[in-house]
There are 2 protein chains.
Amino acid sequence: MNETKKLREILHQKNLRYTPQRQEVWDEICATKEHRDAEDIYNSLRKRQTNVSRATVYRTIDILVKNNLVRRLDLGDGRSRFENKIGIAHHDHIVCLDCRKIVEFMNEKIEELQEQVAKEMGFEIVRHVHQLFGRCLDEKCPNK
Amino acid sequence: MNETKKLREILHQKNLRYTPQRQEVWDEICATKEHRDAEDIYNSLRKRQTNVSRATVYRTIDILVKNNLVRRLDLGDGRSRFENKIGIAHHDHIVCLDCRKIVEFMNEKIEELQEQVAKEMGFEIVRHVHQLFGRCLDEKCPNK
DNA sequence: TTCACTATTGAGATTGAGTCTCAAAGAAGT
DNA sequence: ACTTCTTTGAGACTCAATCTCAATAGTGAA
């Protein structure tokens, strides 16, 4: 597995230890493309008999985020959500307020304008949060 | 005071009661243009001998937000911040990761593109969150 | 102005995500 | 194997925010 190698490499590079728990958390995050929260990841691990403590799940996620393997999302529901960043192009999110569906979008022009605005205001952007909240026009959505 | 009238009107319209506590909270929010959190507002009220309980502060802010008198901001520091919305033009925020300075920005073109993107994805935007996090180039900022 | 009907309030308990503590367990280089 | 230093787990703790419920107080009607 390509991702395994990547984790080992980064941990080594930062003088951190490669442990089975860290591998399990990383595997779990790589397993789906959902936008999952820490509790969710913790529960999945337990369900498949993988005993990693809650504290370790949180600590490992922090390491993954700091090393750009994972992106932390704050979709405004009071908890952090996470997505695998490896090999995934940058994007932002639209969230349906009725069905909580999350759709990804990316607009080159907005990205550029953002940079330009920041420069004008005397800032250098490190990261940004751009989320649209609204109502999807999907038939299955509890919406008229 | 214009704002007082506004509050009374909205409460009446929604069959909610006009109380001194609600007035105090609203006054406190109108008093500055800072991006303050609920605890901060609560403490200011206590300091000037205005006894409004913590629960009432939170409950009142919710009412103000729901009725568009106040905007709730999530600037990624684990608490909601609030700003008076009355007579204030729409804007988004840039936050300095070093000194936590908050600067407002507004770009018509980004707003348009946002609408366009949402439409393309089959959404109708209700609100959006757009924040840039980075480093300001201010001399006074603890930054090189 | 009093009444009756409800909404609101306050104090403190509770929730829930996330962090911290510290003794015991375990990587990794030698 | 040995040593060193990091990591782990269980549960205590933090902190913003919400909930509970008995006591209080707006508000419209009479």
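For the numbers below, each heavy atom of this structure counts, side chains included, while hydrogens, waters and symmetry mates do not. Per chain, numbering begins at 1; letters A, B, ... match sequence-line order.
Toward the 5′ end of DNA chain D lies the nearest nucleotide of B/A38, the other residue of the pair B/P20 and B/A38 mapping further downstream. Remark on DNA chain D: of its neighbouring residues B/R81 and B/Y18, the 5'-side contact belongs to B/R81, judged by nearest-heavy-atom nucleotide. Judged by closest nucleotide on DNA chain C, B/R59 is the one of B/R59 and A/R54 placed further toward the 5' end.
Using a 4.0 Å heavy-atom cutoff across all strands shown, A/R79 reaches sugar-phosphate atoms only and no base atom. Counting non-hydrogen atoms under 4.0 angstrom, B/N51 reaches the backbone sugars and phosphates but no base.
For A/R17, no side-chain nitrogen or oxygen approaches OP1 or OP2 of C/dG26 to under 4.0 Å. Within the 4.0 Å cut-off from OP1 or OP2 of D/dA25, not a single side-chain nitrogen or oxygen of B/Q21 is found. For D/dA17, the OP1/OP2 oxygens have a side-chain nitrogen or oxygen of B/S80 closer than 4.0 Å. In this structure, B/T56 reaches the C/dG10 phosphate: one of its side-chain N or O atoms is under 4.0 Å from OP1 or OP2. Phosphate proximity of C/dG26 to A/T19: absent, as no side-chain N or O sits under 4.0 Å from OP1 or OP2. Residue A/H12 has no polar side-chain atom (N or O) positioned under 4.0 Å from OP1 or OP2 of D/dT6.
The ring of B/H93 has its center no closer than 6.0 angstrom to the ring center of B/H130.
Side-chain atoms of B/Y58 lie closest to D/dT18 of the nucleotides D/dT18, D/dG9, C/dG18. The side chain of A/S53 lies closest to D/dG9 when the candidates are C/dT19, D/dG9, C/dG10.
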